[in-house]
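Bear in mind that the values here come from a model prediction, so they are computed numbers and not experimental data.
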Amino acid sequence: MNDKPIQVLVLGMMEFWIEHWRARPEVTVVGLVDVYGQVEEVGVPGKQVADFRKLNIPFYTDVAEALELLEPDIVTLVTPPTGKTDVKLIELIVNKGHDVYLEKFRPADPNDGKRLLELSKQTGRQIAIGEPYRYDKHVEEVKRLIDNGVLGTVEQVVWRCHRPTIAAAWMSAYNHVMLEDLSYHHFGVLHYMLGLERVRQVTASSRLPTWTPIASPSVVSLLAEWDDGLHLNYYSSWVAHGKLTSWLGNFRIEGSLGMVELSEQGLMFTSADGQEKQLEPAEVAYELRLGVVDEYVLAFEEKRKSRHDITVFFPVIRLIYASLESSEQGTTVTLQ
C-alpha cells in the first residue's frame, strides 16, 4: 500500500458517510462540498455548518473549484433521502477526469441509469453505485453456499419484506418509493447472489394502499423468471401491519440439493432429504456501508474497477424499471 494517504473529496453532507471514510487509516478526507444545501436548511436534523467545521475538513462551495485545487484520488457522492442523484454533476466530474463513487443511486428520472451507463462508456470513467446489504454476513454465507454448489441447481426464490408505515415527506418524492428505494437493495442482493443479468421476464404490481400517509406506491408484488428457469416470487410492503421483518427481509432459496432460508430465527439449511442445520455465518470485516467504502478503497489501491461499477450494477436498475413498466402497463415485460 502507498504510504501517501488516499485523498478523498466528499460531495454531500451525510455525517455517516463522511465518518465511514474518516475511519479508514489510509484515507484523508481533504474536502467537503454541500452540493444539496443540507446544512443550510432550517430544521434539518444532524450537524449544521459550525458542527461540520469542527471536523477540520476544508469546505468548498463549488465542485469544479474543489476538483482543481485538491486533485483528489477519490470523489464520492452521497445523496440524502430528500435529494436525487445529480446526473449533470456526475457528468462534470467524469469530464474532468475523475471516477465517481456513489453511496447510493437515487434516480430523478427513469432514464438516469441509462444516462450514467452511457456516460461511463463514453468517457471511460468509472461510476460506481454502492449496495450495502451485499456485505451482510447472512448474505455472504448464502452466496458461499450457492457458489460452492451446496444447493445444487437453484430454481426457486421467495422473498418477503414487511416494514411499518413511515410518514416521511421524502418518500412522496419518488414515483414508486418501494421499487426505487427499498426493493433497490433487495434486487442488489439478488444480483450479487444469483445474477440479475439473466432475468428475461417480469410481471409486477406497484400499489398505493388507502391507509398510507405518503403519496408514492409502497407495496410491490413481483414474479420474475431467469433465462435458465430460475423463478422469483417477491413481495415487499412499507405500510405493513403486525409482524415485521428486517430491512433486508426474509427469503428462501431452493435448489436441487437443498434449501437455505433467512428468517427471524437466523439462517437455516435444509437438505433435499429433510436434514436441517442451523448456520452460523462468519463475521465480515466490514459490514453494510463500511463494506462499500472498503470495496472502493481496495478498488483504488488495486487500480481496478469496483465491483459496484455501473456496468456491473446496471441489471439491478434494469429490473427496477422493467418492473415499473410492467406495473404501469399491466403486462408482462420481456427484458432485452
What residues form a ring-ring contact (aromatic ring centres under 6.0 Å, His included) with [X], not counting sequence neighbours?
X      : result
Tyr184 : Phe313
Tyr60  : none
His20  : none

Establish, for the pair Lys84 and Phe105, whether the NZ or CZ atom is under 6.0 angstrom from the six-membered ring centre and no further than 45 degrees off its axis.
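Geometry flag: not set, cation outside 6.0 Å or 45°.
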Geometric cation-pi criterion Arg24 and Tyr286, 6.0 Å radius, 45° cone
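Yes, Arg24 and Tyr286 form such a contact.
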Below 3.5 Å, can you tabulate the donor-acceptor pairs from side chains in residues 70-78 to any protein atom, sequence neighbours excluded?
from  : atom 1 : to     : atom 2 : distance (Å)
Asp73 : OD2    : Gln7   : N      : 2.7
Thr76 : OG1    : Trp17  : NE1    : 2.8
Thr76 : OG1    : Tyr101 : O      : 2.7

Going by heavy atoms in the side chains, are Asp181 and Met171 under 4.5 Å from each other?
no
Would you say Val142 and Arg144 make side-chain contact, with heavy atoms under 4.5 Å?
no
Is the shortest side-chain N to carboxylate O distance from Asp112 to Arg115 below 4.0 Å?
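Looking at Arg115 together with Asp112, the answer is yes, because their closest N to O distance falls below 4.0 Å.
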So, Arg307 and Glu131, do they make that salt bridge, N to O below 4.0 Å?
no
Does a donor on one side chain and an acceptor on the other come within less than 3.5 Å for Glu261 and Ser263?
no
Please tabulate, one pair per line, all N/O donor-acceptor pairs under 3.5 Å involving side-chain atoms of residues 328-336, not counting sequence neighbours.
from   : atom 1 : to     : atom 2 : distance (Å)
Glu328 : OE2    : His176 : NE2    : 3.4
Thr332 : OG1    : Thr203 : OG1    : 2.7

So Thr79 and Tyr36, side-chain hydrogen bond (donor to acceptor under 3.5 Å, both in side chains) or not? Walk me through it.
CA-CA 8 Å; Thr79 304; Tyr36 291 100; 2.9 Å; yes
Kindly list each side-chain donor-acceptor pair under 3.5 angstrom involving residues 157-170, sequence neighbours excluded, with atom names and distances?
from   : atom 1 : to     : atom 2 : distance (Å)
Trp159 : NE1    : Leu248 : O      : 3.1
Arg160 : NH1    : Asn233 : O      : 3.2
Arg160 : NH1    : Asn233 : OD1    : 3.0
Arg160 : NH2    : Asn233 : OD1    : 2.9
Arg163 : NH1    : Thr245 : O      : 2.4

